[in-house]
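Hydrogens, waters and symmetry mates are skipped; everything else that's a heavy atom, side chains included, is used. Start at 1 with the first residue, then count along the sequence.
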Amino acid sequence: MNKLKVWPHLTVVFVIFAALGMAAAYFWMREEPKTQAFTVPSAARVERVDGEVGINRNLTADASQEQWVEVTPNTPLTTGDRLYAREDARAGIAFTGRNFARLEPNSALDVLSLSDGRTQLALREGSAIFNIGELAPEEMFEVATPHGAVDFQQPGLYEMGYNDDGSTFVSVLSGLAQVVGLAGSGEISKGEMLTLLGQTAAQVVLSRLSPEYAGGLLDDYYGYQYPDLYDGRYNDYDAYLQDPYYYDPYNRYASYRYVPADVPGVYDLDAYGDWANVDGYGYAWSPRVEDGWAPYRQGYWTMDDPYGLTWVSSEPWGYAPYHYGRWVNANNRWYWIPDGAGTQPVYSPALVAFVPLADENQIAWVPLAPGDAYAPVYYDANWQPHYPDGRQVVAERVINFGVPGAVTVVSADAFDRRIDRGALARFDPRTFEGKRPVLDPLSHAMLRQAALGTAVARRGFVLPPGLAKRLDDRQVFTSARPDAPPFRDDRARGMRAEVVPDKQKKEKLRVKDDRQAVDAQAPGAPRGVAEDGRLAREARQREKTLERAARRQQLSRPQGSPARAEAERARASEQQRARGERVGHARQADREAARQQENVIRQQQRVAAQQQGEARRREAEHRAAARRAQQQQVQRVRAPQPRVNVERQHPRPRPAAQASSGQVRKQQTHAQQGRGRAQGPPQAAKPQGQGQGRGGKKGRP
């Protein structure tokens, strides 16, 4: 009986606990996705800087002059950043290991969105060249402009920019581009240029690229991008079309066999290091450096929104090995262990562990090794951490702490300066005993203060007067809203980027097709280029001669130290930059000549239209005067004639007077017709509706 009494109570208790467990599981499962419901931001690499180039990372706040600083190579570029290249300056950007861009002088480029499968930029000023080597299915790579977004549909080479009249031009040297704008949507094929000034067909012109212009642009770009490899073959546009992937780094460098192609900077590894099979790790890369070298020891720390404390290396190869993969020391040599070539890489600001030494007023860090704990962390506007998986990782141990020479120590006062051998501090290894490494530097008071202090150590960058306001006021349009994590402000809206309405997307772009006109004028040469193309060809020929001489001289020299090799590379880069400037000036002269000729034609058309309008006005006045004269004649003929006057002038008998009256009317009619011919042209007597001017409808009675 007791068992029978207890059993119902146990059953009720069990049911209650099961219900509570199910409810807890339900709420846990419902809340769990919220910790993962944001897109992990990615980053691009500023791989080359020629001249003065500035960056602004705080466009949503007051865009004052203090927000601009000079950018250096290997600087990460991410959502919300804006680059500007001053006059005679250029910047090379790597979005992946195969997708690149070159920012031209007096040009500004914004990053609206960078994530897996989506790259959205905004060209605010000037022009840029986009070299797209790979696009995955459903991947987006687009550039926003005030007239709409240009979506690159296929791998290829594209040029975009603004003309002096404010129009946007898109040149497709290879590939396929789609324009999605307020005037509608349309495609641009290879060898074509689209110019957009407004929403009417007369303001959207499709023309064919000149082979001379295309060849000069290709020769300039590939000489800049691959100064050690390029042999001038793309000066012939047809040669490029036959083999546009001749210089694709994916086909030339062995590093792409071991590193994912999505990682920027992979192509630098072959020139500065060697690959070897390391026991337990597979193929690893080791830089050619001097004895005593260690990772994360040549460069500087900076705060990058939203990543936090970020390492910017001063070593020419120092991007991929510091933001992807891990480091190990084998046989007294450092090796970089990348993620597998078939994996999806995840960008990290710096794969290190920090150790604050408050007693010594020092800060130490050490590179992470494979197996060390690490979790990506991103920060909001108040520099509070957010974790994609909702969990913070605490490092219990770091393998490389036990490797001799692996730890880098500097004084807290030197943390905001450039790190090199002279900045290193002496330390006692026993100081680290009992110290717990820190993966999130902003979670420690001393490290947080030092990190926030790095923002003021950058060199300022001065914008031309009025440029900041002009860039901020220029609105651009995208085909889709850029991605943004929930813990950040809407950067796209703050950067005046709006989505093209669906109604305009569905409309077909109406264009004025000038491709046949270009073909009839010259072999592919747009208006004005054929006349001044000689200057560009001569400039390119001179530069090719100088380039071949410099290459022969370089090959004849014996190989020296890495420092000498770097100096040679710098000189070659300077020569290439000067070459690009001169070719760019020649190309600008071509464009200017074309624009001037087009302006002359437009002026002639306006004068002709004014003359036609004046002629039509005079003709209308003549017709109106003729109509008035005709009406007066009819009224005079139909008016009753006063008999008394006729009788007084001709005192004859009545019958004779009546006969004379008919003769008088005939004489008056002849006289009035004579006066009508004197007042207007012969056709003035035609009925209304005949003989109208050029604006009338022909054939109508």
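By the salt bridge (Lys or Arg N to Asp or Glu O under 4.0 Å) test, Arg448 pairs with no residue at all, sequence neighbours left out. Evaluation of the ring pair (Phe, Tyr, Trp, His ring centres under 6.0 Å) rule for Tyr267 yields Phe100 as partners, not counting sequence neighbours. Every side chain to side chain donor-acceptor pair (under 3.5 Å) that Gln120 has, sequence neighbours left out, goes to Glu142. Not counting sequence neighbours, the partners of Glu498 by the salt bridge (Lys or Arg N to Asp or Glu O under 4.0 Å) test are Arg493. For His147, the side chain to side chain donor-acceptor pair (under 3.5 Å) partners at least two apart in sequence or on another chain are Thr168. With sequence neighbours excluded, no residue forms a side chain to side chain donor-acceptor pair (under 3.5 Å) with Gln475. With sequence neighbours excluded, the residues satisfying ring pair (Phe, Tyr, Trp, His ring centres under 6.0 Å) with Tyr307 are Tyr347, Tyr378. Checked against ring pair (Phe, Tyr, Trp, His ring centres under 6.0 Å), Tyr84 has no partners two or more places apart in sequence or in another chain. With sequence neighbours excluded, no residue satisfies side chain to side chain donor-acceptor pair (under 3.5 Å) with Ser113. Annotation: salt bridge (Lys or Arg N to Asp or Glu O under 4.0 Å) contacts of Glu125 (sequence neighbours excluded): Arg470, Arg474. Looking at residues two or more places apart in sequence or on another chain, you find no salt bridge (Lys or Arg N to Asp or Glu O under 4.0 Å) involving Glu507.
Of all the heavy atoms in Leu447 and Pro441, the pair that sits closest is CB-O, 3.0 Å. The two residues Trp301 and Thr454 make their nearest non-hydrogen contact at O-CB, 3.5 Å. Nearest heavy-atom pair across Glu159 and Ile129 is CG-CG1, 4.3 Å. Here the shortest heavy-atom pairing between Thr78 and Leu114 reads CA-CD1, 4.0 Å. The minimum heavy-atom distance linking Ser348 with His323 is given by the pair O-ND1, 2.8 Å. Here the closest non-hydrogen pair linking Arg86 and Pro464 is NH1-CD, 3.8 Å.
A salt bridge is defined here as a Lys NZ or Arg NE, NH1 or NH2 lying under 4.0 Å from an Asp or Glu carboxylate O, and Arg124 with Asp472 fails to meet this definition. Comment: Asp220 engages Arg90 in a salt bridge, judged by a side-chain N to carboxylate O separation of less than 4.0 angstrom. We find that Lys190 and Glu192 are not joined by a salt bridge, their nearest charged nitrogen and carboxylate oxygen being 4.0 Å or further apart. A salt bridge does not link Asp110 with Arg496: every distance from a Lys NZ or Arg NE/NH1/NH2 to an Asp or Glu carboxylate oxygen is 4.0 Å or more.
Using modelled atom types and a 3.5 Å distance limit, the side chains of Ser167 and Asp165 yield a donor-acceptor pair. Using modelled atom types, one finds a donor on one side chain and an acceptor on the other under 3.5 Å when comparing Asn131 with Tyr221.
No side-chain heavy atom of Val46 sits less than 4.5 Å from a side-chain heavy atom of Asn74. Contact of the Glu70 side chain with the Val53 side chain is not registered, since no non-hydrogen atoms from C-beta on lie closer than 4.5 Å. In this structure the side chain of Leu173 reaches within 4.5 angstrom of the side chain of Leu218, judged on heavy atoms. Side-chain contact between Thr145 and Phe477: absent, with no pair of heavy atoms (C-beta onward) separated by less than 4.5 Å. Considering only heavy atoms from C-beta on, Gln203 stays 4.5 Å or farther from Arg510 through its side chain. Between Leu112 and Thr478, some side-chain heavy-atom pair lies under the 4.5 Å cut-off.
A distance-only check finds no donor-acceptor pair linking the side chain of Asp304 to the backbone of Gly308 [under 3.5 Å]. Checked by atom type and distance alone, the side chain of Tyr222 never pairs as donor or acceptor with a backbone atom of Gly232 at under 3.5 Å. Proximity of a side-chain donor or acceptor of Asn99 to a complementary backbone N or O of Ile132 within less than 3.5 Å is not detected. Remark: the backbone N or O of Gly299 is not paired with any side-chain donor or acceptor of Ser313 at under 3.5 angstrom. Distance alone, capped at 3.5 Å, places no donor-acceptor pair between the Thr96 side chain and the Val263 backbone.
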Handout entry: Ile93 and Arg45: CA distance, side-chain angles, deciding distance, side chain to side chain contact (heavy atoms under 4.5 Å, CB included) verdict
Key = CA-CA 6 Å; Ile93 306 168; Arg45 175 201 185 194; over 6 Å; no
Problem - Stepwise side chain to side chain donor-acceptor pair (under 3.5 Å) check, Asp483 with Ser115 - result: CA-CA 8 Å; Asp483 292 333; Ser115 60; 3.3 Å; yes
Problem - side chain to side chain contact (heavy atoms under 4.5 Å, CB included) between Ile55 and Val69, worked out - result: CA-CA 6 Å; Ile55 187 172; Val69 295; 3.6 Å; yes
Handout entry: Tyr237 and Glu212: CA distance, side-chain angles, deciding distance, side chain to side chain donor-acceptor pair (under 3.5 Å) verdict
Key = CA-CA 8 Å; Tyr237 185 40; Glu212 291 83 3; over 6 Å; no
Handout entry: Check against side chain to side chain contact (heavy atoms under 4.5 Å, CB included), Val500 and Ser479
Key = CA-CA 6 Å; Val500 176; Ser479 64; 5.9 Å; no
Practice task
Go through the steps for Tyr224 and Tyr230 under the test side chain to side chain contact (heavy atoms under 4.5 Å, CB included), then give the verdict.
Solution key: CA-CA 9 Å; Tyr224 174 92; Tyr230 182 63; over 6 Å; no
Exercise for the section: Evaluate the criterion salt bridge (Lys or Arg N to Asp or Glu O under 4.0 Å) for residue pair Arg118 and Asp116; output intermediate values, then yes/no. Expected result: CA-CA 6 Å; Arg118 173 172 291 193; Asp116 295 340; over 6 Å; no
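If you look at Tyr319 and Trp311, their ring centroids are not closer than 6.0 Å. Not less than 6.0 angstrom separates the ring centroid of Tyr158 from the ring centroid of Phe130.
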Table please: side-chain donor-acceptor pairs of residues 175-188 below 3.5 Å, with sequence neighbours left out.
residue: Gln178; atom: OE1; partner: Gln153; partner atom: NE2; Å: 3.4
residue: Ser185; atom: OG; partner: Lys505; partner atom: O; Å: 2.9

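Using the six-membered ring where Trp is involved, Tyr226 and Tyr247 have ring planes that are parallel, under 30° apart on the 30 and 60° scheme.
Each of Val312, Leu77, Asp81, Val49 was evaluated against Val71; a single residue qualifies, Val49, per the side chain to side chain contact (heavy atoms under 4.5 Å, CB included) test.
The local environment of CD in Gln449 is sparse, with at most 12 non-hydrogen atoms from other residues, nucleotides or ligands closer than 6.0 Å.
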